[in-house]
Amino acid sequence: MRAMVMDAIAGPLEVREVPDPVAPAGGVVVEVHATGLCRSDWHAWVGHDDIALPHVPGHELAGVVASVGSGVTRWSVGDRVTVPFVEGCGRCEWCLSGNAQVCPAQEQPGFTHWGSFAEYVALHAADTNLVAVPDDVAFEAAASLGCRFATSYRALTGRARLQPAEWVTVVGAGGVGLSAVMIAKALGANVVAVDRHAGALDVATKLGADHVLVADGRDIPAAVHDLIGGSHVAIDAVGSEQTSRDSVLSLRRRGRHVQVGLLPTETGLSPVPMARAIAWELDLLGSHGMAAADYPGMLALIENGSLRPQDLIERVVDLGTAATLLPTFDQASPAGMTLIDPRR
Ligand SMILES: [Zn+2]
Ligand SMILES: [Zn+2]
């Protein structure tokens, strides 16, 4: 098969022929029809994750089951499927309680094994992790769910328990942030969107953001308090010391902060304004993807048109183009998602 191969950390990415994957016991091989390019791929490329070389990135995917390993009972060749970026083991207490997103024995395509920037990808524990894609949901839309959209959905629903008419501050209007704007509006909440780029904020406005703030060095928390008296929920969709702090300090008393953007630091410790968290009784929450078990509620909102992840797709490119884009994904802030069709 053709795949985008990484031979060295932060080295060039090459599209070339590699051996086809084989379905593991309990797993499947999926023919990839669409796969998303994400800042997490850049984190892996630059060396923030522990990956074995040579490596094939890619963790947001949808496609068709091409072969089925031993012991799989729920899936057959030809099924249209997607998968969360965290594949639970299917056996531990977290997986069995529907929380495969925190499985201690988890696999992740594009990180712990070869991913979906290829014509085919092997996936583990298919009966636990695969999600059927309804016929009227396109592969591109389905691929956009697995990481950023589902993560946003779970951050706002399962973690922050966002209520209608509440205010949510979304810091960062990339894939996660724009997903959060769309989802928050669909849930009946009000949104303040924050980003460095006016273009990204234009998209946030089109998706229904009630206020937008350009992060041009101004005091973002002060601006949010001026506008709405502080938000009930805030989400750091970027992952930096600055954006995390802005999110926490934008909250009103007893507000809920959700950290979604990864915060890699040399010490592994991330500074947060704990004094404010204590005095104002803030909830500081982490969010790590969403288990397949939680997809039905989200898919129902997509099927009835309340959520339109396809509207977040900015462009669809081939593997070669994606290989040149990936190393720029720390700076490039495309207003929306970049999808890859490996069959192009
Ligand atoms: Zn991702
Ligand atoms: Zn597990």
Side-chain angles (χ1 to χ4, degrees), residues 21-36 38 40 44 49-51 56-116 118 120-135 137 139 141-155 157-159 260 286-303 309:
V22 175
V28 297
V29 169
V30 167
E31 183 188 28
V32 181
H33 285 234
T35 177
C38 167
S40 298
D49 297 273
D50 193 16
I51 56 170
V56 176
H59 59 279
E60 309 179 354
L61 68 116
V64 173
V65 174
S67 63
V68 177
S70 62
V72 174
T73 61
R74 294 182 53 216
W75 306 101
S76 313
V77 170
D79 288 345
R80 303 170 88 245
V81 295
T82 186
V83 65
F85 74 91
V86 175
E87 303 156 278
C89 70
R91 295 181 303 271
C92 72
E93 65 181 283
W94 291 276
C95 284
L96 294 175
S97 69
N99 287 294
Q101 78 279 3
V102 292
C103 171
Q106 65 187 251
E107 300 275 358
Q108 297 184 7
F111 299 97
T112 67
H113 62 89
W114 282 15
S116 53
Y120 295 94
V121 62
L123 300 170
H124 296 272
D127 285 342
T128 296
N129 297 307
L130 261 50
V131 176
V133 175
D135 284 340
V137 175
F139 286 116
S144 75
L145 302 178
C147 172
R148 292 164 283 179
F149 199 86
T151 297
S152 268
Y153 182 82
R154 179 166 163 76
T157 58
R159 301 299 282 146
V260 174
S287 194
H288 189 242
M290 183 167 88
D294 287 329
Y295 270 58
M298 182 176 71
L299 283 170
L301 291 173
I302 292 168
E303 275 192 285

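- Put simply, the side chain of Pro109 reaches to within 4.5 Å of the side chain of Glu87, judged on heavy atoms.
- Judged by distance alone, the side chain of Trp75 and the main-chain N or O of Ala126 form a donor-acceptor pair under 3.5 Å.
- Closest approach of Ala155 to Val260, counting heavy atoms only: CB-CG2, 3.8 Å.
- Checking side-chain atoms of Arg154 against main-chain N and O of His288 turns up no donor-acceptor pair under 3.5 Å.
- One finds the CG atom of Asn129 at 11.0 Å from the OG1 atom of Thr82 (value rounded to the nearest 0.5 Å).
- Just one residue in the list Val28, Val65, Val131 forms a side chain to side chain contact (heavy atoms under 4.5 Å, CB included) with Val81, and that residue is Val65.
- Within 6.0 Å of CZ on Arg91 lie no more than 12 heavy atoms contributed by other residues, nucleotides or ligands.
- The line from CE of Met298 to OG1 of Thr157 is 9.0 Å long, rounded to the nearest 0.5 Å.
- A distance of 5.0 Å separates OG in Ser40 from CZ in Phe111, rounded to the nearest 0.5 Å.
- Contact record, Val29 with Pro21: CG2-O, 3.8 Å, taken as the closest heavy-atom pair.
- Once rounded to the nearest 0.5 Å, the distance linking CD of Gln101 with SG of Cys95 reads 9.0 Å.
- Closest approach of Pro84 to Ala291, counting heavy atoms only: CG-C, 4.1 Å.
- Listed for the Arg80 side chain is a donor-acceptor partner under 3.5 Å among the backbone atoms of Val137.
- Partner of Trp114 under the side chain to side chain contact (heavy atoms under 4.5 Å, CB included) criterion, out of Ile51, Val56, Val121: Val56 alone.
- Ring orientation note: the planes of Phe85 and His59 are nearly perpendicular, at an angle over 60° on the 30°/60° scale.
- Across all their heavy atoms, Pro24 and Ala122 have their closest contact at CD-CB, 4.1 Å.
- Note that OH of Tyr295 and CG of Leu130 are 10.5 Å apart. Values are rounded to the nearest 0.5 Å.
- Annotation: the span from Ser116 atom OG to Glu31 atom CD amounts to 13.0 Å, rounded to 0.5 Å.
- Not one N or O on the side chain of Ser152 forms a donor-acceptor pair closer than 3.5 Å with the backbone of Phe149.
- Considering only heavy atoms from C-beta on, Asp294 stays 4.5 Å or farther from Tyr153 through its side chain.
- Taking every heavy atom of both residues into account, Pro309 and Ser144 meet most closely at CB-OG, 3.5 Å.
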(message) Before you tell me yes or no, could you show the steps for Asp127 and Val72 under side chain to side chain contact (heavy atoms under 4.5 Å, CB included), namely the whole-Å CA-CA distance, both residues' side-chain angles and the distance that decides it to 0.1 Å?
(response) CA-CA 6 Å; Asp127 285 342; Val72 174; 3.5 Å; yes
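- What you find for Ser287 and Arg159 is that their closest heavy atoms are OG-CG, 3.7 Å.
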